[in-house]
Amino acid sequence: DGGITQSPKYLFRKEGQNVTLSCEQNLNHDAMYWYRQDPGQGLRLIYYSQIVNDFQKGDIAEGYSVSREKKESFPLTVTSAQKNPTAFYLCASSFLPQETQYFGPGTRLLVL
Amino acid sequence: GQQLNQSPQSMFIQEGEDVSMNCTSSSIFNTWLWYKQDPGEGPVLLIALYKAGELTSNGRLTAQFGITRKDSFLNISASIPSDVGIYFCAGPLYSGGGADGLTFGKGTHLIIQP
């Protein structure tokens, strides 16, 4: 069953804690992306990667980190430096150079 | 990055009515994408537009790439209850193209009264 999977569906973070959100795709897509969505808002780009072992900052990268060790995986770490981490996080992927991106089901992060 | 203005913010319509929403930008876009998002889910791609003036349909949905390349429109004909959700327009975040990421409008929330 091809697609993009994100886990967990819900994640709780304590103050000062780092948490990692998983994103996996078996579509053989080249590029992967992380977006953040706040209530009533559109999606905003955090990080993206067009090739293994390389990634670029998006508009709101502060307080986040990523890695791309495998083509199919692009985990996002929300660090303690991110002061307002409560949001819905969406992972997407695409073939290059196409611009159409396909999204996973999302992870909702809540701060305790 | 580039920004998009989407309107209306919300729409309350009767089942069976036609729906129209639009998206504008202050800069030229080479690609327009329309997505639908259900509550608690990821956006699903509806229509992709790549050429100024292009008119593309997907079932009851029709989208147009504005001739000025600064706007796009999405129409839904004969709305049904499953059309409820939030519709987003999107385009390349940076002038280099969408492979560097997308920018999204704030969405149009469609609510259908039976």
Side-chain angles (χ1 to χ4, degrees), chain A residues 3-10 21 23-25 27 29-51 54-61 66 74 87-110, chain B residues 1-10 21 23-25 29-51 54 56 58 63 65 69 72 85-109 111:
Chain A
I4 305 170
T5 57
Q6 291 186 241
S7 61
K9 184 71 173 174
Y10 297 93
L21 284 61
C23 178
E24 304 275 334
Q25 55 96 4
L27 302 168
H29 282 172
D30 307 295
M32 297 186 74
Y33 307 83
W34 275 105
Y35 294 87
R36 170 182 171 137
Q37 186 177 29
D38 293 288
Q41 301 296 316
L43 284 65
R44 293 182 292 166
L45 182 67
I46 304 172
Y47 266 99
Y48 66 101
S49 168
Q50 297 183 346
I51 193 170
D54 188 47
F55 46 82
Q56 308 296 329
K57 292 182 179 180
D59 271 3
I60 55 167
V66 293
F74 191 40
F88 192 43
Y89 290 87
L90 289 155
C91 178
S93 66
S94 70
F95 285 117
L96 293 176
Q98 293 180 16
E99 295 172 312
T100 51
Q101 296 179 15
Y102 299 88
F103 285 84
T107 291
R108 187 165 300 281
L109 176 62
L110 299 167
Chain B
Q2 305 182 107
Q3 296 186 344
L4 297 175
N5 298 307
Q6 189 171 349
S7 65
Q9 186 174 4
S10 57
M21 61 191 77
C23 203
T24 61
S25 170
F29 274 51
N30 292 317
T31 301
W32 286 96
L33 306 171
W34 284 93
Y35 288 87
K36 177 177 183 265
Q37 185 178 31
D38 291 328
E41 301 294 329
V44 174
L45 181 68
L46 299 174
I47 294 178
L49 302 163
Y50 300 105
K51 189 176 176 182
E54 180 181 359
T56 298
N58 178 7
F65 194 138
R69 296 167 62 191
S72 180
I86 304 176
Y87 292 80
F88 291 98
C89 60
L93 177 58
Y94 306 114
S95 58
D100 296 329
L102 299 175
T103 183
F104 285 77
K106 292 186 176 181
T108 293
H109 194 176
I111 299 164

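Within every chain, numbering begins at 1; the chains are lettered A, B, ... in the order of the sequence lines, protein sequences first and strands thereafter. All figures in this text were calculated on a predicted structure; none of them were measured in a lab.
- Side-chain N/O atoms of B:Asp100 and A:Gln50 include a donor and acceptor closer than 3.5 Å.
- A:Glu99 contributes no side-chain N or O that, together with a main-chain N or O of B:Tyr50, makes up a donor-acceptor pair within less than 3.5 Å.
- Remark: the A:Gln101 side chain and the A:Tyr48 side chain contain no N/O donor-acceptor pair separated by less than 3.5 Å.
- Qualifying side chain to side chain donor-acceptor pair (under 3.5 Å) partners for B:Ser25, counting only residues two or more places apart in sequence or in other chains: B:Ser27.
- A:Thr100 touches chain B through backbone and side chain together, each having a heavy atom under 4.5 Å away.
- Only the side chain of B:Gln37 comes within contact range of chain A, judged by heavy atoms closer than 4.5 Å.
- Interface residue A:Leu43: backbone and side-chain heavy atoms are both found under 4.5 Å from chain B.
- Interface summary for chain B: among A:Lys9, A:Arg108, A:Arg44, the most heavy-atom pairs under 4.5 angstrom belong to A:Lys9.
- With a threshold of 4.5 angstrom between heavy atoms, A:Gln37 approaches chain B through side-chain atoms but not through N, CA, C or O.
- The six-membered or imidazole ring of A:Phe74 lies away from that of A:Phe55, with a centre-to-centre distance of 6.0 Å or more.
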